[in-house]
Structures are given as C-alpha cells and as structure tokens.
Trainee: 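The structure that follows is given in the form of structure tokens.
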Amino acid sequence: MFSSYDGLCTIGELAERAGVSVKTVRFYSDGGLLPEASRSAGGHRRYAPEAVERLSLIRSLRGLGLPVAEVRRVLDEQDAGDAGDVLEDAVAGRLRVLGSELRALRWREAALQLVRDCPSAERPDRLRLVGAVGAPPSTAALVRFWRAWLPARMPARSVRAFLEAAVPEPPEAPGPGQVLAFARLHAFVSGPCAGSGPCRPRVHRGAGARESAVLYAGLATAYDLAAGELRRGREPRPGEALDGFVDAYARTYGTRDTPGFRRGLAGQLAADPRIDRYWELTAEVLGAPGRPPEPTPGSAHDWLLAALDAQLGTASG
C-alpha cells in the first residue's frame with residue numbers, strides 16, 4: 001500500500017517501486033497496458049497499488065520476448081478473469097519463433113565454420129554455394145525438382161507421400177559437412193535438367209493418375225523392405241522386396257510379372273536417367289558422424305536393381 005492519503009502513487013513512486021524508469025511507466029501507460037487510477041489536480045498521473053504487480057507482469061512478459069500486442073491480449077484476458085489460454089498460446093508461439101531463430105543461428109555457425117576451415121582458394125566458391133541457401137534453409141527447391149520429375153498426373157496424396165520420403169529435412173544442429181552437402185544438393189536441383197523432357201524416367205512419360213499412384217505405392221513398400229535389408233548389411237538378392245519392386249512396374253504397365261518382363265524392366269531401368277548425386281548428398285545431409293548412412297529411396301532403388309541383375313544373371317547362368 002502506498003503512503004499517500006488516498007492510497008495512490010505518482011508515476012515516479014511507481015517507477016521507483018517497480019525498479020524501472022519513469023519513461024518506461026509512461027510508455028506502457030500511454031499504450032493502454034497500465035491504466036492510471038486518476039489524475040491529480042495538477043494533471044499528474046496517479047496509480048493504484050495493483051499497478052506494481054501489473055507492471056511486474058508486463059515486464060516479465062516483455063522479458064520473455066512477447067510483443068506488446070501479445071502482452072495486451074494476455075492482460076485483457078486476465079482482466080476478464082479467464083483461464084489463461086491466451087498466455088499459453090502466446091508462450092507456445094514464442095517458443096516456435098525462438099526454435100526457428102536457434103535453428104538459423106546453428107546453421108549460420110556451421111556455415112561459418114565451413115568457410116573458415118576450407119582452403120583459402122576455395123572460399124569464394126564455398127561462400128557462393130552456402131550463400132545461395134537461407135538460414136535455416138528451405139526445401140522448396142527440392143520439392144520443385146521432384147514435382148517436375150514425378151508423373152504429371154500423379155495424385156496429390158501420392159506426391160505428398162513421396163516428397164516426405166525423398167526430401168531431406170535439414171538437421172536442426174548441423175555440422176559443417178551437412179551444411180556443405182545441403183548447399184550442394186540445393187545447387188544440384190537448381191541446375192539444368194530438373195526432371196523435364198528426357199531427364200524423366202520412361203515410365204513417367206505416359207503414366208496417368210491411376211498408374212502413377214499404383215507405381216509409387218508399390219515402390220514405397222519395396223523401398224521400405226530394401227531399406228531393412230540395407231540396415232542388416234545384406235547383399236542384394238531375390239526375395240519379397242524385389243518381387244514387390246517388379247510387381248509395382250508390372251501393374252503400372254498392366255502386364256504380368258514374367259522372366260521376360262523382368263529382363264525388359266532391367267534394360268529399361270538401366271537406360272533411365274540417374275540422379276545418384278542427389279541421393280549421395282541426401283545421405284550426407286541425414287547422416288551422423290561415426291554412424292553408417294541411413295538408407296534413402298535412392299540407395300534402396302540401387303539395391304533392388306542389383307538384386308534384379310543378380311537374379312537375371314543366375315537364371316542366365
């Protein structure tokens with residue numbers, strides 16, 4: 001309680017009690033966050049005792065980085081006697097913003113380390129390479145690459161499922177090598193031949209909505225099975241993964257899985273355009289130092305092709 005006859009205090013007394021400047025009190029008061037109780041005969045502001053606690057709350061919220069507009073919403077909710085949902089939402093929103101800022105800082109730190117540690121003759125090229133990627137980096141260029149590569153009439157649900165598997169999310173705390181790999185990946189997909197014309201696999205060129213959905217649903221299952229084989233360190237071999245892989249193509253073409261079809265498929269896939277570099281860089285982006293690379297759709301595809309070749313070679317022999 002203040003010692004004045006009416007229990008109110010001046011702006012200077014409130015500032016002293018709260019440990020802030022008069023200018024700060026005036027700023028919040030003028031903004032409507034800290035209402036005055038009355039004015040003196042001389043026109044000076046007078047504040048009630050609860051203004052100290054309210055000012056402390058304002059300072060706490062601002063200290064957490066909440067913008068003035070969010071602070072106002074929290075105070076309005078408190079004045080209305082509500083349960084505190086606005087405060088919870090404001091804190092959650094601020095945490096999301098801070099998370100994004102921290103990811104950006106970690107990415108910039110790793111990028112700076114990359115430039116610092118490379119030979120001086122390579123620094124201009126490294127700077128251009130990493131400078132073309134934001135912080136934190138966007139995967140939009142990778143998504144555009146795959147949307148051009150995939151069959152034009154592929155259903156949206158199938159496209160989304162494939163993109164989840166094929167587009168690597170940049171690590172939240174990358175090392176310099178991961179920054180370099182992602183920057184190279186960005187440059188790769190931004191170059192010429194990004195999935196149009198002759199750069200697209202043959203099966204994509206005439207595939208309609210149904211055929212492309214059938215193809216990529218079957219491939220996703222086959223790739224998952226092949227990824228399990230890769231994690232166990234097994235050599236390419238016939239089995240459930242290969243059968244599912246071939247069946248996906250057979251159903252897309254509306255034919256049966258026969259030895260003749262497998263021979264023709266092996267020849268067709270061998271002639272299709274390759275994007276090995278994409279998958280190599282993806283494995284580097286996702287990999288952790290000292291651990292074996294995580295299988296990608298590209299490495300699973302290669303394992304299945306090798307299994308098909310091994311089966312055909314055995315049958316021929």
Side-chain angles (χ1 to χ4, degrees), residues 137-170 182 185-228 240-283 285-286 295-309:
S138 168
T139 58
L142 281 65
V143 171
R144 285 195 299 271
F145 169 84
W146 283 114
R147 287 190 180 277
W149 172 276
L150 292 169
R153 290 175 287 176
M154 187 167 173
R157 181 187 300 177
S158 300
V159 171
R160 287 194 299 270
F162 180 83
L163 292 176
E164 287 179 6
V167 176
E169 282 298 322
F182 191 90
L185 190 58
H186 182 274
F188 175 82
V189 300
S190 302
C193 195
S196 61
C199 296
R200 297 171 69 184
R202 177 181 164 187
V203 70
H204 289 182
R205 297 173 200 168
R210 189 195 69 81
E211 292 85 358
S212 57
V214 167
L215 173 64
Y216 276 90
L219 290 180
T221 301
Y223 289 164
D224 283 343
L225 292 170
E240 183 183 3
L242 178 59
D243 289 344
F245 179 69
V246 174
D247 183 64
Y249 283 98
R251 287 190 293 140
T252 300
Y253 284 121
T255 188
R256 294 184 302 111
D257 177 7
T258 65
F261 177 76
R262 292 198 175 207
R263 285 192 295 272
L265 179 62
Q268 174 194 311
L269 295 178
D272 272 343
R274 303 279 301 178
I275 50 172
D276 295 333
R277 186 60 174 153
Y278 180 95
W279 298 116
E280 291 167 1
L281 292 169
T282 295
V285 170
L286 299 176
T296 65
S299 60
H301 188 84
D302 286 345
W303 189 94
L304 290 162
L305 283 182
L308 180 58
D309 288 341

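Note that the numbering runs from 1 along the sequence shown for the chain. Note: hydrogens, waters and symmetry copies are ignored here, and every other heavy atom, side chains too, is used.
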Trainee: Do Leu150 and Ser158 have side-chain heavy atoms sitting under 4.5 Å apart?
Mentor: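 Side chain of Leu150 against side chain of Ser158, heavy atoms only: no contact under 4.5 Å found.
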Trainee: Output all residues satisfying side chain to side chain contact (heavy atoms under 4.5 Å, CB included) with Ser212, sequence neighbours left out; order by chain, then residue number.
Mentor: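 Side chain to side chain contact (heavy atoms under 4.5 Å, CB included) list for Ser212, sorted by chain: Pro151, Met154, Pro155, Ala207.
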Trainee: Flag the pair Pro297 / Trp279 as yes when at least one side-chain heavy-atom distance between them is below 4.5 Å, and no otherwise.
Mentor: yes
Trainee: What distance do Asp309 atom CG and Arg263 atom CZ have between them, rounded to the nearest 0.5 Å?
Mentor: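 Answer rounded to 0.5 Å: 13.0 Å.
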Trainee: Holding to side chain to side chain contact (heavy atoms under 4.5 Å, CB included), I want the full list of residues that pass it with Thr258, two or more places apart in sequence or in another chain.
Mentor: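 Side chain to side chain contact (heavy atoms under 4.5 Å, CB included) list for Thr258, sorted by chain: Arg256, Phe261.
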Trainee: Using the test side chain to side chain contact (heavy atoms under 4.5 Å, CB included), find all partners of Arg160 that sit at least two apart in sequence or belong to another chain.
Mentor: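 Expected list: Ala156, Arg157.
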Trainee: Measure the spacing between OG1 of Thr282 and CG of Leu142 and express it to the nearest 0.5 Å.
Mentor: 7.0 Å
Trainee: Let me check something: any side-chain donor-acceptor pairs from residues 217-227 under 3.5 Å, sequence neighbours excluded? List them with distances.
Mentor:
residue : atom : partner : partner atom : Å
Thr221  : OG1  : Ala217  : O            : 3.3
Tyr223  : OH   : His301  : ND1          : 2.8

Trainee: Are any of the side-chain heavy atoms of Phe182 and Thr139 separated by less than 4.5 Å?
Mentor: yes
Trainee: Using a 3.5 Å cut-off and no angle test, enumerate the donor-acceptor pairs between side-chain atoms of residues 242-252 and protein atoms at least two apart in sequence or in another chain.
Mentor:
residue : atom : partner : partner atom : Å
Asp243  : OD1  : Arg262  : NH2          : 2.9
Asp247  : OD2  : Arg251  : NE           : 2.9
Thr252  : OG1  : Ala248  : O            : 2.7

Trainee: Within the 4.5 Å heavy-atom criterion, are Glu280 and Thr296 side-chain neighbours or not?
Mentor: no
Trainee: Please identify each residue that fulfils ring pair (Phe, Tyr, Trp, His ring centres under 6.0 Å) with Phe162, with sequence neighbours left out.
Mentor: Trp146, Tyr216
Trainee: In terms of heavy-atom contacts, does CD of Glu240 have more than 12 from other residues, nucleotides or ligands at under 6.0 Å?
Mentor: no
